[in-house]
Amino acid sequence: MHQWCKPIGMRFLDTAIVSGALTRDDYWENRAAYHRIDWIAPKWEWVDPLKEVTADLLEVRAGFKPRSEAAAERGWDLASLDAAIDESNRSADELGLILDSDPRTVNKSGALQVALDQLNNNEPEGDSQDGQES
């Protein structure tokens, strides 16, 4: 990917500048900086996506892979991914939603969601609204 795309990208940028299709006043002085492009091939999908995602999660948590690399393998740059997650979280918060997919409030089993529901209803654990044990 890198060996194939780099010369094409460099030629494309040079041609775009010379033709006037793209204008950057400092292009020729900073040409090397403009040519620093990360070429990342999309990740191949495997037979068992659950195992693949679990492996990526474990690698990121163990520090063997940065979040930016895991995001790039799925076609995201980390800043865009973080912005999308932030937007989704704000929307959920504004609507008072507690989603099973939100690690800020819920663990994988959803246990915290039950506890938060009980706190929001001011009920002691195990009590229902009619006062009977559940």
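Small disclaimer: the values here were computed from a predicted structure and weren't measured. Residue indices begin at 1 and follow the sequence shown.
- Between the CD1 atom of I8 and the CZ atom of R11 there is a distance of 9.5 Å, given to the nearest 0.5 Å.
- Within 6.0 Å of CG in D25 there are 12 or fewer heavy atoms belonging to other residues, nucleotides or ligands.
- The CE atom of M10 sits 12.0 Å away from the CZ atom of R36 when rounded to the nearest 0.5 Å.
- Taking V60 as the reference, K65, R67, A70 meet the side-chain contact (heavy atoms from CB on, under 4.5 Å) condition, with sequence neighbours excluded.
- A92 meets the side-chain contact (heavy atoms from CB on, under 4.5 Å) test with L97, L99; sequence neighbours excluded.
- Not counting sequence neighbours, S88 has no partner by the side-chain contact (heavy atoms from CB on, under 4.5 Å) test.
- D86 pairs by the side-chain hydrogen bond (donor to acceptor under 3.5 Å, both in side chains) definition with R90, not counting sequence neighbours.
- Counting heavy atoms of neighbouring residues, nucleotides and ligands inside a 6.0 Å radius, atom CD of E29 exceeds 12 of them.
- Residues passing the salt bridge (charged side-chain N to carboxylate O under 4.0 Å, His left out) test with D77, sequence neighbours excluded: none.
- R31 places none of its side-chain heavy atoms less than 4.5 Å from the side chain of L13.
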Under 3.5 Å, side-chain donor or acceptor atoms of residues 16-24 against the rest of the protein: list the pairs with distances, not counting sequence neighbours.
| unit_1 | atom_1 | unit_2 | atom_2 | d |
| --- | --- | --- | --- | --- |
| S19 | OG | T15 | O | 3.0 |
| S19 | OG | A16 | O | 3.2 |
| S19 | OG | A21 | N | 3.3 |

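- Inter-residue side-chain proximity for D56 and E73 is flagged as met; some heavy-atom pair is nearer than 4.5 Å.
- V53 is not connected to F64 by any chain of hydrophobic side-chain contacts under 4.5 Å among Ile, Leu, Val, Met, Phe, Trp and Tyr, and they are in different clusters.
- In this structure L50 satisfies the side-chain contact (heavy atoms from CB on, under 4.5 Å) test together with D48, T54, sequence neighbours excluded.
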